[in-house]
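For reference, the structure discussed in these notes is given below.
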Amino acid sequence: MAADNIVLEHLRAIRETQDRHSEDLREIKGRLGILEQQYANLSNRLDRMDERISRIEKRLDLVES
């Protein structure tokens, strides 16, 4: 019977550790999602800036049309 209790204790400890890892993974996924959104927004802003700079350069005849 004592061996059964030891096995159950180990299984419970493994389950608790797995639960903590699952919570950590959920948090990491959430943070990664936020970073992806921020990167996409920044990328879009840079694309718009590039287009604006190109138009300015053309108006100032700094590049060929």
Side-chain angles (χ1 to χ4, degrees):
M1 290 287 186
D4 290 342
N5 288 338
I6 292 173
V7 170
L8 287 176
E9 286 179 33
H10 282 290
L11 289 174
R12 285 184 187 114
I14 291 169
R15 183 183 298 157
E16 288 174 11
T17 301
Q18 186 178 7
D19 289 344
R20 282 195 313 272
H21 289 165
S22 294
E23 290 173 17
D24 289 346
L25 185 57
R26 273 192 289 277
E27 181 183 347
I28 290 168
K29 283 182 175 182
R31 288 178 166 202
L32 180 60
I34 291 168
L35 286 173
E36 288 173 333
Q37 289 174 348
Q38 289 176 342
Y39 174 78
N41 288 339
L42 183 58
S43 181
N44 287 337
R45 289 181 66 190
L46 289 173
D47 287 344
R48 287 193 310 268
M49 283 180 131
D50 188 46
E51 291 171 3
R52 292 176 69 189
I53 290 170
S54 292
R55 284 197 317 266
I56 292 168
E57 289 174 336
K58 286 178 186 176
R59 286 181 185 169
L60 296 175
D61 290 326
L62 299 174
V63 294
E64 293 185 26
S65 302

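Side chains are part of it too, since the values below use all heavy atoms of this structure and drop only hydrogens, waters and symmetry mates. Model, not experiment: these values are computed from the prediction.
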Please give the remaining members of the hydrophobic cluster of L62, linking ILVMFWY side chains under 4.5 Å, ordered by chain and number. I56, L60
By the rule that ILVMFWY residues connect when side-chain heavy atoms come within less than 4.5 angstrom, directly or transitively, which residues belong alongside L42? L46, M49
Under the salt bridge (charged side-chain N to carboxylate O under 4.0 Å, His left out) rule, collect the residues that match up with R48, sequence neighbours excluded. none
Linking directly or through intermediates, with side-chain heavy atoms under 4.5 Å: list the remaining ILVMFWY members grouped with I34, chain and number order. none
Please list, chain by chain and in numerical order, all residues satisfying salt bridge (charged side-chain N to carboxylate O under 4.0 Å, His left out) with E9, sequence neighbours excluded. none
Residue pairs passing the salt bridge (charged side-chain N to carboxylate O under 4.0 Å, His left out) test where at least one lies in residues 23-33, sequence neighbours excluded: E27-R31
Once rounded to the nearest 0.5 Å, what's the spacing between atom CZ of R12 and atom CD1 of I14? 12.0 Å
Apart from V7 itself, residues in the same hydrophobic cluster as defined by side-chain heavy atoms under 4.5 Å: L11
With R20, which residues qualify under side chain to side chain contact (heavy atoms under 4.5 Å, CB included), at least two apart? E16, T17
With rounding to the nearest 0.5 angstrom, report the NZ to CZ distance, K58 to R55. 9.5 Å
Sub-3.5 Å donor-acceptor pair from the side chain of S43 to the main-chain atoms of Y39, do we have one? no
Which residue pairs pass the salt bridge (charged side-chain N to carboxylate O under 4.0 Å, His left out) test with at least one member in residues 33-46, sequence neighbours excluded? none
Once you round to the nearest 0.5 Å, how far does CG of L8 lie from CZ of R15? 9.5 Å
Quick one: side chain to side chain contact (heavy atoms under 4.5 Å, CB included) partners of R59, sequence neighbours excluded? none
